[in-house]
Amino acid sequence: MTKYIFITGGVVSSLGKGLTSASIGMLLEHRGLTVRLQKLDPYLNVDPGLFSPAQHGEVYLLDDGSTTDLDLGHYERFTNTPLTWNSSWTTGQIYQRVFEKERRGEYHGTTVQVIPHVTNEIKQSIARLGGAGIDVVIVEIGGTVGDIESQPHLEAIRQFPLDIGKENCLYIHLTLIPFLKSARELKTKPTQHSVGQLRQIGIQPDILICRTEVPLSHEERAKIGLFCNIITDSVIEEKDKDFSIYEVPIRLHEHKLDQLIVDKLRIPNANPLELNDWHELLDRIRNPEHEVTVAVVGEYAAVQDAYKSTFEALDHAGIVHRTKIQTLRIPSRQVLQNETRRELRKADAIIVSGGLGESEIDGKIEAVRIAREDGIPFLGIGLGMQCAVIEFARNVLNLEGAHSTEYDKNTPHPVICLRDEYRFRTTQEGIPKTGADTVVFQLPSRISDAYENHPLASERFRYCYEFNNHYRDRWERSVMRLSAQSADGLLVQAVELPEHRWFVAVQFHPEFKSQPTKPHPLFNSLIAKTIKK
């Protein structure tokens with residue numbers, strides 16, 4: 001029978017529940033178990049794709065086109081579990097389903113209430129991930145215990161063992177043990193209060209994971225366990241990592257967390273743990289042989305998590321090449337300043353990021369020009385490819401005023417436009433293309449070289465505007481190559497400059513397909529060319 005692990009957080013937000021959930025999933029997968037992961041967010045938003053990166057970090061994109069919280073990026077980078085629309089739920093989406101059922105008469109006129117209707121919907125979303133062949137489902141509850149928004153989710157997971165048996169459920173609570181530097185003391189009282197709030201609603205944590213700046217002594221763990229009604233061995237230290245987030249699963253294993261989970265859930269088919277690949281990964285991070293600086297240009301570049309997957313994908317490529325990646329986060333609006341231009345020209349590589357409906361496009365176009373003219377290795381992503389097309393049209397093909405109709409409806413040269421604006425493909429105007437699709441490469445080409453000459457690949461897309469096929473002839477007679485297209489041949493999916501040191505721009509989002517043990521081919525190739533000056 002499928003086992004369920006529920007992960008909650010207490011004391012403060014941003015403790016790293018997503019990273020901890022992903023690390024637990026990785027450890028269990030390395031023990032031969034089949035794992036599924038899910039994030040339940042307390043937000044009332046119905047569409048996470050509309051989250052502002054400035055407030056909430058990047059919007060993560062799945063193969064099926066679902067747009068989700070960035071924690072699902074941790075899940076995919078650390079594990080091989082397939083994620084779908086059912087892997088991410090907001091409170092708004094849960095309520096929407098309840099309202100739809102009520103309107104269809106599925107509640108037969110009864111009064112619709114949080115209990116049982118909302119909590120039942122939450123439980124159904126959790127149960128759908130289990131079933132035959134699934135050993136463990138890990139469910140992360142967003143927010144912090146005590147928040148009013150999280151109460152329906154906590155009530156739902158309190159009820160869940162009543163449906164499937166307590167022996168099949170495990171509660172893990174992630175909390176903070178603050179260290180008062182002036183007193184040189186760790187303070188456990190906030191954790192006691194957090195666990196007390198859980199117990200008041202009927203949830204007794206089985207395992208307590210304690211975020212801390214300094215190591216916990218056995219005595220401190222025993223004290224926490226005593227006041228929180230948890231045995232000392234189930235109080236796990238998770239010390240802050242200054243080195244790399246990829247240390248987290250190793251350190252949790254050193255504190256025997258994976259064995260504790262296997263024992264408490266009585267999972268009979270768990271194999272001994274083997275982490276040679278992860279230790280090799282950490283060795284490469286600790287012992288770099290090169291160092292490069294990559295400038296990432298984007299509207300929200302100054303926001304810590306706005307391009308989380310891009311920075312992680314760069315690190316993954318750096319791991320393979322034993323290269324330390326230093327990043328310059330450059331807001332696109334600043335690129336038109338002379339000082340920022342000078343800074344860009346000093347970078348070893350430039351990435352112009354993706355985005356939907358972003359402003360400040362002139363700065364991105366200028367960053368493309370600098371990369372092209374100065375021979376700096378360049379990767380354009382999503383909107384970054386569109387900027388590469390616009391810049392080339394203006395400055396090489398002499399198409400004065402060339403632009404995207406997203407930003408200039410009256411441009412004389414709409415090299416980027418909506419799919420049906422010029423009737424080269426019949427698709428409903430303005431409906432974004434999202435999710436995985438097949439990309440076919442021109443052989444030979446720079447992009448096909450990156451993919452080791454495979455003729456095609458599955459990549460993730462999220463866009464409305466694209467290359468205008470009316471301009472294909474001009475490009476095919478130019479030095480910029482149209483090096484990838486859709487499976488039906490109708491859509492341009494990548495451009496490149498064969499004579500440039502390395503200049504590739506793609507309509508898709510490669511950053512969402514990269515893992516620390518398997519970097520994405522485009523990031524891998526970019527860093528390889530960057531270190532070979």
Fill in: Main-chain N/O of Pro116 paired with Asn120 side-chain donor or acceptor, under 3.5 Å
yes
Worksheet item: Is there a donor in the side chain of Glu274 and an acceptor in the side chain of Asn276, or the other way round, less than 3.5 Å apart?
Response: yes
Discussion item. Quick one, Arg251 and Glu238 - any side-chain contact, counting heavy atoms below 4.5 Å?
Written reply: no
Discussion item. Can you classify the ring geometry of Trp85 versus Trp89 as parallel (below 30°), tilted (30 to 60°) or perpendicular (above 60°)?
Written reply: perpendicular
Worksheet item: Could Lys256 and Asp258 be called an ion pair, given the rule that one side-chain N must be under 4.0 Å from one carboxylate O?
Response: no
Practice prompt. Show the numbers, then the answer: is there a side-chain contact (heavy atoms from CB on, under 4.5 Å) between Ile126 and Leu40?
Written response: CA-CA 9 Å; Ile126 296 170; Leu40 299 178; 4.0 Å; yes
Worksheet item: Distance only, no hydrogens: is a donor on one side chain within 3.5 Å (strictly under) of an acceptor on the other, for His74 and Glu140?
Response: no
Item to complete: Please list, chain by chain and in numerical order, all residues satisfying salt bridge (charged side-chain N to carboxylate O under 4.0 Å, His left out) with Glu149, sequence neighbours excluded.
Response: none
Fill in: Main-chain N/O of Glu76 paired with Gln515 side-chain donor or acceptor, under 3.5 Å
yes
Fill in: Full working for side-chain contact (heavy atoms from CB on, under 4.5 Å) between Arg211 and Ile177
CA-CA 6 Å; Arg211 287 292 306 273; Ile177 309 293; over 6 Å; no
Worksheet item: What is the minimum heavy-atom distance between Ile157 and Tyr171, and which atoms define it?
Response: O-OH, 2.6 Å
Discussion item. Measuring from atom OG1 of Thr340 to atom CD of Gln334, what distance do you get when rounded to the nearest 0.5 angstrom?
Written reply: 5.0 Å
Worksheet item: Does atom NZ of Lys166 have more than 12 heavy-atom neighbours from other groups under 6.0 Å away?
Response: yes
Worksheet item: Is there a side-chain contact between Leu70 and Phe51, using heavy atoms and a 4.5 Å cut-off?
Response: no
Discussion item. Between Asp64 and Ser66, is there a side-chain donor-acceptor contact under 3.5 Å, judged purely by atom types and distance?
Written reply: yes
Fill in: Electrostatic pair Arg342-Glu339, nearest N-O below 4.0 angstrom
no
Discussion item. Between Lys264 and Asp206, does any NZ, NE, NH1 or NH2 come within less than 4.0 Å of an OD or OE carboxylate oxygen?
Written reply: no
Worksheet entry | Phe78 ring center near Trp278 ring center (under 6.0 Å) | yes
Fill in: Test item: side-chain donor near acceptor, Tyr246 and His316, under 3.5 Å
yes
Discussion item. Closer than 4.0 angstrom, basic N to acidic O: yes or no for Lys17 and Asp71?
Written reply: no
Worksheet item: Are any non-hydrogen side-chain atoms of Ile7 and Ile24 less than 4.5 angstrom apart?
Response: yes
Worksheet item: Nearest 0.5 Å, what's the CG-CZ distance between Asn86 and Arg36?
Response: 11.0 Å
Worksheet entry | Ionic contact status for Glu247 with Arg286, cut-off 4.0 Å | yes
Discussion item. Using ring centroids (six-membered ring only for Trp), state whether His117 and Tyr107 fall under 6.0 Å.
Written reply: yes
Item to complete: Answer yes if the side chains of Arg77 and Ser309 hold a donor-acceptor pair under 3.5 Å, and no otherwise.
Response: yes
Discussion item. Do the side chains of Arg322 and Asp283 get close enough for a salt bridge, i.e. N-O under 4.0 angstrom?
Written reply: yes
Item to complete: Salt-bridge test for Lys3 and Asp135: reply yes if a basic N is under 4.0 Å from a carboxylate O, no otherwise.
Response: no
Discussion item. Looking only at the side chains, is there a donor atom on one of His173 and Ser194 sitting less than 3.5 Å from an acceptor on the other?
Written reply: yes
Item to complete: Taking atom types as modelled, find out whether Gln159 and Asp163 have a side-chain donor-acceptor pair closer than 3.5 angstrom.
Response: no
Fill in: Flag for Thr68-Ser88: side-chain donor and acceptor within less than 3.5 Å
no
Worksheet item: Is Arg31 salt-bridged to Glu29, going by a charged N under 4.0 Å from an acidic O?
Response: no
Worksheet entry | Heavy atoms of other groups near Leu180 CG, more than 12 under 6.0 Å | yes
Discussion item. Looking at Arg460 and Leu61, would you say the former's side chain and the latter's main chain have a donor-acceptor pair under 3.5 Å?
Written reply: yes
Worksheet entry | Backbone N/O of Asn45 and side chain of Thr90: donor-acceptor pair under 3.5 Å | yes
Worksheet item: Rounded to the nearest 0.5 Å, how far does CD1 of Ile285 lie from OG of Ser244?
Response: 3.5 Å
Discussion item. Would Ile5 and Leu28 count as a side-chain contact (heavy atoms from CB on, under 4.5 Å) here? Give the steps.
Written reply: CA-CA 12 Å; Ile5 299 174; Leu28 296 180; 4.1 Å; yes
Worksheet item: Phe311 ring centre to Arg329 NZ or CZ under 6.0 Å, with the angle to the axis within 45°?
Response: yes
Worksheet item: To the nearest 0.5 Å, what is the distance between CD1 (Ile527) and CG (Leu522)?
Response: 11.5 Å
Worksheet item: Thinking salt bridges, do Lys223 and Glu219 make one under a 4.0 Å N-O criterion?
Response: no
Worksheet entry | Over 12 non-hydrogen atoms of neighbours within 6.0 angstrom of CZ in Arg333 | no
Practice prompt. Report yes or no: does Thr91 contribute a side-chain atom to a donor-acceptor pair with the main-chain N or O of Asp41 at less than 3.5 Å?
Written response: yes
Practice prompt. Search all heavy atoms of Leu72 against all heavy atoms of Leu83 and return the closest pair with its distance.
Written response: O-CD1, 3.5 Å
Practice prompt. Please test Glu291 against Thr323 for side-chain contact (heavy atoms from CB on, under 4.5 Å), starting from the C-alpha separation and ending with a verdict.
Written response: CA-CA 5 Å; Glu291 182 173 325; Thr323 299; 5.6 Å; no
Worksheet entry | Pairing of Glu511 and Lys308 as salt bridge, 4.0 angstrom limit | no
Worksheet item: Does any donor atom in the side chain of Tyr43 or Gln93 lie under 3.5 Å from an acceptor atom in the other side chain?
Response: no
Discussion item. Does either side chain, that of Tyr75 or that of Gln38, offer a donor lying less than 3.5 Å from an acceptor on the other one?
Written reply: no
Fill in: Check: Val320 main-chain N/O paired with Arg284 side-chain donor or acceptor under 3.5 Å
yes
Item to complete: Quick one: sort the Phe508 and Phe461 rings into parallel, tilted or perpendicular, breaks at 30° and 60°.
Response: perpendicular
Worksheet item: Glu121 and Ser125: side-chain donor and acceptor closer than 3.5 Å?
Response: no
